[in-house]
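Have a look at the structure below before the remarks.
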Amino acid sequence: MPNVVVVGAQWGDEGKGKIIDVFAEKADLIVRYQGGGNAGHTVVVGNEKFVLHLIPSGILWSGKKCIIGNGVVIDPELLIREKEDLSARGISLEKRLFISAHAHVVMPYHKMIDAAKEGKLGHGCIGTTQKGIGPAYVDKANRTGIRMADLINPQVLRFKLKKNLEEKNFLLEKYYRKKGMTVRQLLKKYTPLAKKLRNFITDTSVLVDQAVRKRKNILFEGAQGTMLDVDFGTYPFVTSSNPVAGGACTGAGIGPTKIDRVFGVAKAYTTRVGSGPFPTEMEPELGEEIRKIGQEYGATTGRPRRCGWFDAVVVRQSVRLNGIDSLVVTKLDVLDGLPELKICTGYRLGSKMVTEFPPDEKAMYECRPVYRTFPGWKRPTVSVSDYRRLPEEAKRYLSAISRYSGARIKYVAVGPKRHQIIKL
């Protein structure tokens, strides 16, 4: 296994957690490179279900080393809860988990601002998880952020908190009409958290470089999906970082020449959470049926996901932006029994036919999908382990996904468990 990046090819929630878990068996080092506690990677091992928000999915394999990279924004409370939950289930993180000293910290005022802003926007809200991710990235870009290296340095932490709270309290109290906070409150809360994390914090870019030089197999794990990328997604209904494969370089501290392959993960249909344009969204009745069968509820918030037909325009854009070599199609089994299936191959935009996702927000909403229709299959696929034994209709559907997306399919997942995956 070479150095591989795994990215979401749609709006996130594609099942990357399962795929990363499967790939991690042959990896020496697993690196999470962006996002924060707003991500939820669900992995089923045997009869146990794990939902990971910050710690890379590869931690579930005994002896594997995992890194939370500098591109991630870290909520120390959430990270410690996650760590303690894994420890209680017999999974030790000692000498296996490494946290970048350059990663930024999500503070309580970030969460308060996030929630207050969404509340103020009302029906026009972005639909964030209100975990403080966006405001933490704002501070990072504004050069006022607190990094993990600062968290374990009491003098630096006190100085930065005092400076930041002047602005944050003014914003909270005067604009959002919320109660502010004090340096003392935050120090009392975060000092013990820092002690619990101190031994895990280091310059992880050095560890990645050492692994590259030793020709170790490295797996780079992204959160969210390409269509939520802050630059190339359905802006402004996006996340606050770069889930695309290029984000692995800046978010882990590695040069692009060291990346060997990029896998894109896409569902056999499409979902998205929260607000924003969604051209192939199904009619409510069918969308609800797919939601129930596929358990389409957010791993972080529990929010119901909007369901739609497979959008090849979206995945084709992801293939281009990420340099995807191969696709992994997940949740094929959810479509078992449907009489017919649709794949969007382009959009009608006014009198024009377009085959690329438009960058203009107004145009995104005006796009009308152009579909190719395919017959469904009558028998279940959950127990199929050999591609040749899939129903012929399923094989034709997968072939069409590959053709219209512009990338070959390497794996197909037919259930949440490790063994429910077909290699083509």
Might you point out which heavy atoms bring [X] and [Y] nearest each other, and give the distance in Å?
| X | Y | value |
| --- | --- | --- |
| G17 | H41 | CA-CB, 3.7 Å |
| C344 | P369 | SG-CB, 3.8 Å |
| D114 | G132 | OD2-N, 2.9 Å |
| P56 | I30 | CB-CG2, 3.7 Å |
| F200 | L93 | CE2-O, 3.7 Å |
| A103 | G69 | CB-O, 3.7 Å |

Verify, without hydrogens or angle tests, whether [X] (side chain) and [Y] (backbone) share a donor-acceptor contact under 3.5 angstrom.
| X | Y | answer |
| --- | --- | --- |
| E82 | H53 | yes |
| S405 | R316 | no |
| R32 | Q34 | yes |
| N142 | V138 | no |
| N164 | T144 | yes |

> Which residue pairs pass the side chain to side chain donor-acceptor pair (under 3.5 Å) test with at least one member in residues 56-72, sequence neighbours excluded?
Replying inline: D21-W61
> Which pairs with one or both residues in residues 246-273 pass side chain to side chain donor-acceptor pair (under 3.5 Å), sequence neighbours excluded?
Replying inline: T234-R272, R261-S326, K267-T271, K267-E296, Y269-E296
>> Evaluate F23 against Y411 for ring-ring contact (aromatic ring centres under 6.0 Å, His included), listing each step before the verdict.
In response: CA-CA 11 Å; F23 285 6; Y411 297 91; 5.5 Å; yes
Determine which pairs satisfy salt bridge (Lys or Arg N to Asp or Glu O under 4.0 Å) with at least one residue from [range], sequence neighbours left out, and list them in order.
| range | result |
| --- | --- |
| residues 276-293 | E281-R306, E288-R291 |
| residues 363-389 | K362-E366, D386-R388 |
| residues 221-246 | none |
| residues 66-76 | D75-K111 |

Which value, rounded to the nearest 0.5 Å, describes the distance between [X] atom [atom1] and [Y] atom [atom2]?
| X | Y | atom1 | atom2 | result |
| --- | --- | --- | --- | --- |
| R408 | S399 | CZ | OG | 14.5 Å |
| T191 | L151 | OG1 | CG | 8.0 Å |
| I293 | D333 | CD1 | CG | 9.5 Å |
| I74 | L197 | CD1 | CG | 8.0 Å |
| L79 | L97 | CG | CG | 6.5 Å |
| L327 | S402 | CG | OG | 7.0 Å |

> Considering residues at least two apart in sequence or located in another chain, which fulfil the ring-ring contact (aromatic ring centres under 6.0 Å, His included) criterion with F232?
Replying inline: none
>> Among residues at least two apart in sequence or on other chains, which ones pass ring-ring contact (aromatic ring centres under 6.0 Å, His included) with Y190?
In response: none
>> Check for me whether K117 meets the cation-pi criterion with Y176, that is, NZ or CZ under 6.0 Å from the six-membered ring centre and within 45 degrees of the ring axis.
In response: no
> If you look only at pairs with a residue in residues 82-110, which of them pass as a ring pair (Phe, Tyr, Trp, His ring centres under 6.0 Å), with sequence neighbours excluded?
Replying inline: none
> Which pairs count as ring pair (Phe, Tyr, Trp, His ring centres under 6.0 Å) when at least one residue sits in residues 316-353, sequence neighbours excluded?
Replying inline: Y347-F357
> Counting only heavy atoms not in Y175, do more than 12 sit closer than 6.0 Å to its OH atom?
Replying inline: no
Any side-chain heavy-atom pair from [X] and [Y] closer than 4.5 angstrom?
| X | Y | value |
| --- | --- | --- |
| C367 | P358 | yes |
| D150 | V105 | no |
| I254 | D209 | no |
| V354 | E356 | no |
| L390 | L398 | yes |
| F278 | W11 | yes |

> Does the distance from a Lys or Arg side-chain N to an Asp or Glu carboxylate O, for D85 and R89, drop under 4.0 Å?
Replying inline: yes
> Is it true that D139 and K168 make a salt bridge, defined as a side-chain N closer than 4.0 Å to a carboxylate O?
Replying inline: yes
> For K417, which residues count as a salt bridge (Lys or Arg N to Asp or Glu O under 4.0 Å) partner, sequence neighbours excluded?
Replying inline: none
> By salt bridge (Lys or Arg N to Asp or Glu O under 4.0 Å), which residues pair with K342, not counting sequence neighbours?
Replying inline: none
>> So if I apply the side chain to side chain contact (heavy atoms under 4.5 Å, CB included) rule between V265 and each of Q10, E14, K18, which one comes out positive?
In response: E14
> Picking from I324, V314, D325, what satisfies side chain to side chain contact (heavy atoms under 4.5 Å, CB included) with V319?
Replying inline: I324
> Without hydrogens or angle criteria, can the side chains of D336 and T381 be said to hold a donor-acceptor pair below 3.5 Å?
Replying inline: yes
>> Looking only at the side chains, is there a donor atom on one of Q224 and N38 sitting less than 3.5 Å from an acceptor on the other?
In response: yes
